[in-house]
Amino acid sequence: MNIFKDFQNNIKEIITKLSEEGTLERDLDLANITVEPPRDPSHGDVATNAAMVLAKQTKMKPRDIAEIIGVKIRALDSVSEVEIAGPGFINVRFCSSLIQKEVIAIIEAGLDYGRSTIGGGEMVNVEYVSVNPTGPLHVGHCRGAVFGDALSTLLDHVGFAVTREYYINDAGGQIDVLARSAYLRYLEALGEVIDEIPEGLYPGEYLIPVGNALAEKYGDKWKNKPESEWLIDIRDFATDKMMDLIREDLDVLGIHHDVFFSELSLHKNGDIQKGLERLEQKGLIYQGVLEPPKGKLPDDWEVRPQTLFKSTEFGDDVDRALKKSDGSWTYFAADVAYHSNKYDRGFKKQIDVWGADHGGYVKRVQSVLKALSDGNAELDVRLCQMVKLLRDGKPAKMSKRSGNFITLRDVVDEVGKDVVRFIMLTRKNDAALEFDFSRVSEQSKDNPVFYVQYAHARVHSVLKKAQAAFNNIDVSEASLIKAPLSLLNDESELMLLKTMINWPRIVQSAALAHEPHRISYYLFDLASQFHALWNKGNDRVDLRFIIEDNEQITLARLAMIKAFSIIIAAGLNLLGVEPLNEM
RNA sequence: GAUCCCGUAGCUCAGGUGGAUAGAGCGCAAGAUUCCUAAUCUUGAGGCCACAGGUUCAAAUCCUGUCGGGAUCACCA
C-alpha cells in the first residue's frame, strides 16, 4: 500500500541479511535509519542515510557501506538506479512502472487512499472547543474548533479510536452571571423596562429569546423573588439554551462532538473528592502556603494556608491550589477529576485543544495525568494562538464580554464554512493567524482554498470534455484502471505522480505530529503542480490531457488526473472542506 | 521577576521529529492566451535562518545563554 514503507522494509531486510552473512557486523541498531524522499528531487525518489548511521557501529567508512548496500538495492525489481552521494547517502530512483501502477491503487482505494491502521485502534480523546456556555461562539473560538475537529478526523484516518469531546464549564461563577443576565431578560419579557444591562452581566441580545422562553415556561413565578429561589432553575435552563446555541454554531462549521461532558456533574456526584483522593494516596496533596508571585503583587494578596497539589514534582513551577478561600473547589480541582475520569474511561492518549491564553495552565494538568497514571498516559495540549481578524488590513475588534463581538456565525455567513475551515488550518496551531475577509473571498491564487478547489474542478471539467470529444469514452473508475499507464512518461507527469504517492506519508506524519496544517500545505503544493502541468499544454500540445487522435494516451492521462482529484478530495475531506466540481 | 509561544526573502509564512546547494505565495522585473476555464502558468532578482556558544559525520531544526515581539502569571474560568 505504502511504497515508502515497503521500501524501508526492503532496506532493513538487506542490512539484516548482510549482517547475518557476516559482511556487516551483527546486532546492528537500525532504529535511526530513515528512508525518505529527499528534498531535492534531483537526488532521486528516495534516499537513505543507512550507511552513515551504520558507519560508527561497524567502524567502516560510510561510502564503503553504501557501496555494499547499494549493490543489493540495485538488484530490487522496483529500482532503476542507485547512486552514492555526498557523505554517504544512498539515492534511489524507482522504476517508472512502480509509480505509474500506484495510480491504480489510488483509484481503487478512492477516498480511502492514505487511510492506515498505524493507530492500532488505540483510544484517543480529543477535547476541543469547550467554550463556557454563556453565549454564542465568536471568531476566536473558531480556530480551536476547526483544529480539534480536523485533528480528530486525521487520527481516525490513521486508525485511532477517536472520541471527540466537549467539556462544559457549567459550574463556575460565570454561570451564575449568565443566570442573572437571563433573569433580567426574563423580567424584560414580562414587560419590565430594562434601560441598560448593568456592568458585569452579559449584555448580548442572544439572551432575549431565553428570557422569552423563561417567561413562557414560568410565567411570573420568579418575579420579585430573591435570587436564592430562582438561581438554580434559571441557571440550568439558560445553560441548556446556551449549549443548544453552541451546538448550532458548531453545526454550521460541520463540527459534531461525541461526548458533552458536564463539569457540574463532577461536583454533583462526588467525583472531585474521588479524584483528589487518588492524588492524596500518592502523597501529592498537602496544606501549605504559596510564595507570593514575583513582580507586581495582586492588590488583595494575603498569606493563606491552602490545599495544594505537588505539581512541582512533575515539572510545574509552583504547586497549585485545589480549594478556594471560601472552601469550594477551584477550577483546577474539577480538572483533576475530569482528566482522571477520562483516564478511567480508558484514554491513555488525551489531547486538549485550548486557546493560547491558557498556556500557563498546561503543566499542572499534564502533571495530574502523569501522577494518576504513573506515567502511563500522556496529555498533549495544543495551544491555538490568536486569530487576528482583519478587513482590508484593518483590525476588527472582538471581546466576549462586550456583547458586540464578531460571532462565528457572522464569519461563516460571510465567507462560507469551507473557507473558514481551510484558512484556520493554514498555519500551525502555535503561530498567530491573520484572517482577512477581503483576502479570503478573493478568487485568485492569494486565496489557497480557491486555488485547491479550482484544481479539483478543472479535473472534473476535463473528464466531461473528454467524454464529449470521444463520443462515448468510458471514464468510469473501472475503465480508467485499465488505462495504459506506462504512457505517462513525461517528466512533469512523473513529478506529479511522485507527489501524489507521498500522500499516505503526509497523512501519517500530520496525524502523529498532531499537525493538520501539513495537509493544507501539501494540497496547495499538489495543486500547484497540477496547474503547472495543465499550463504546459499551452506550449506543448502533446502534453494536454485530451489528445483527440489518441484515445490510449488520453485514457492514461485521465486516469492520472482522476487519481489526482481523488487525493485532493480526500485531503479536503480530512479538513472538513467539500471538494467542488464546478466553480 | 517567572512560564509558554514566536523570530527564516521587502511582506505573509512553510521547512516532514538532525540531512545534501534553505522553499512557497504576495509584491517587484520580464514573458506566455487562434488551444482542455489565463480564475492559470514560465523566468529572474531578493537570505549572516535574531545573536553568541555547545552537542556530532551532519544543525534553520537539539541544548545553554543573550536580545526583540506576543500570551499568561495565588483563590477567576
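Each chain gets a letter, A, B and so on, in the order its sequence line appears, and its residues count up from 1.
- Residue A:P37 is the one, among A:I90 and A:P37, whose nearest nucleotide of RNA chain B lies closer to the 5' end (criterion: closest heavy atom).
- Here the side chain of A:E515 is nearest to one of B:rA14, B:rG15, B:rA77, namely B:rG15.
- The listed nucleotides are B:rG16, B:rC6, B:rU40; the one nearest the side chain of A:D430 is B:rC6.
- In the interface, the side chain of A:R458 is not paired with the base of B:rC36 through any donor and acceptor atom under 3.5 Å apart.
- Base contact: A:Y331 has a heavy atom under 4.0 Å from a base atom.
- Base contact: A:S325 has a heavy atom under 4.0 Å from a base atom.
- Across B:rA14, B:rC36, B:rA39, the shortest atom-to-atom separation from the side chain of A:M583 is found for B:rA39.
- Look at A:R518 and you won't find any side-chain N or O under 4.0 angstrom from OP1 or OP2 of B:rG16.
- For A:V462, the listed nucleotide lying nearest its side chain is B:rC36; candidates were B:rC36, B:rA20, B:rU40.
- Cation-pi geometry between A:R505 and A:F4 is met: the NZ or CZ atom falls under 6.0 Å from the ring centre, inside 45° of the normal.
- Backbone-only contact: A:Q306 has heavy atoms under 4.0 Å from sugar-phosphate atoms and none from a base.
- Pairing partner, B:rC49: none, since no Watson-Crick or wobble contact has both distances short of 3.5 Å.
- A:D40 comes within 4.0 angstrom of nothing in the nucleic acid, heavy atoms only.
- Using a 4.5 Å heavy-atom threshold, the side chains of A:M424 and A:F435 count as touching.
- The pair A:E434-A:R427 fails the salt-bridge criterion, with no side-chain N (NZ, NE, NH1 or NH2) lying under 4.0 Å from an Asp/Glu carboxylate O.
- If you take atom P in B:rG65 and the same atom in B:rG25, they sit 39 Å apart, rounded to whole Å.
- Nucleic acid contact class of A:K428 (heavy atoms, under 4.0 Å, all strands): sugar-phosphate only.
- With a cut-off of 3.5 Å on both Watson-Crick or G-U wobble distances, the partner of B:rG25 is given as B:rC11.
- A cation-pi arrangement is absent between A:K324 and A:W329 under the rule of less than 6.0 angstrom and at most 45 degrees off the ring axis.
- Heavy-atom distances to RNA chain B give each of A:S328 and A:L383 a nearest nucleotide, and the one nearer the 5′ end belongs to A:L383.
- Ion pairing between a basic and an acidic side chain is recognised when a charged N comes within 4.0 Å of a carboxylate O; A:R364 and A:D335 show no such pairing.
- Taking the ring centroids of A:H531 and A:Y451, they lie under the 6.0 Å cut-off.
- Looking at heavy-atom distances under 4.0 Å, A:K363 makes contact with sugar-phosphate atoms alone, never a base.
- Base engagement by A:I546 is indicated by at least one non-hydrogen atom pair under 4.0 Å involving a base atom.
- Of all nucleotides present, none satisfies the Watson-Crick or G-U wobble test against B:rG16 with each distance under 3.5 Å.
- Note on A:H531: only backbone sugar-phosphate atoms sit closer than 4.0 angstrom, heavy atoms only; bases stay farther off.
- Looking at heavy-atom distances under 4.0 Å, A:Y522 makes no contact with the nucleic acid at all.
- Among the heavy atoms of the strands lying under 4.0 Å from A:A85 is at least one base atom, whether or not backbone atoms are also near.
- A donor N or O paired with an acceptor N or O is not found under 3.5 Å between the base of B:rA32 and the side-chain atoms of A:N535.
- Electrostatic pairing of A:K428 and A:D430 does not count as a salt bridge here, judged by no charged N lying under 4.0 Å from a carboxylate O.
- Heavy atoms of A:D326 sit nowhere under 4.0 angstrom from any nucleic acid atom.
- In B:rU33 the O4'-C1'-N dihedral to the base is within 90° of 0, which defines a syn nucleotide.
- A:H358 comes within contact range of at least one nucleobase, with a heavy-atom separation under 4.0 Å.
- At a threshold of 4.0 angstrom between heavy atoms, the contacts of A:A47 include nucleobase atoms, whether or not backbone atoms are also involved.
- Pairing for B:rA71 is with B:rU3, a Watson-Crick or G-U wobble pair whose two hydrogen-bonding atom distances lie under 3.5 Å.
- Looking at A:K370 and A:E313, no side-chain N of the basic residue comes within less than 4.0 Å of a carboxylate O on the acidic one, giving no salt bridge.
- For A:R505, the side-chain atoms get nearest to B:rG16 when compared with the rest of B:rG16, B:rA74, B:rC36.
- If you check B:rU37 for Watson-Crick or wobble pairing at under 3.5 angstrom, you find it has no partner at all.
- In this structure, A:F89 forms an aromatic stack with the base of B:rA20, since both conditions hold: centre separation below 5.5 Å and plane angle below 30°.
- When heavy atoms are screened at a 4.0 angstrom cut-off, A:N538 is found touching base atoms of the nucleic acid.
- The listed nucleotides are B:rC76, B:rA74, B:rA77; the one nearest the side chain of A:Y361 is B:rA77.
- Nucleotide B:rU42 forms a pair with B:rA30, judged by Watson-Crick or G-U wobble geometry with both contacts under 3.5 Å.
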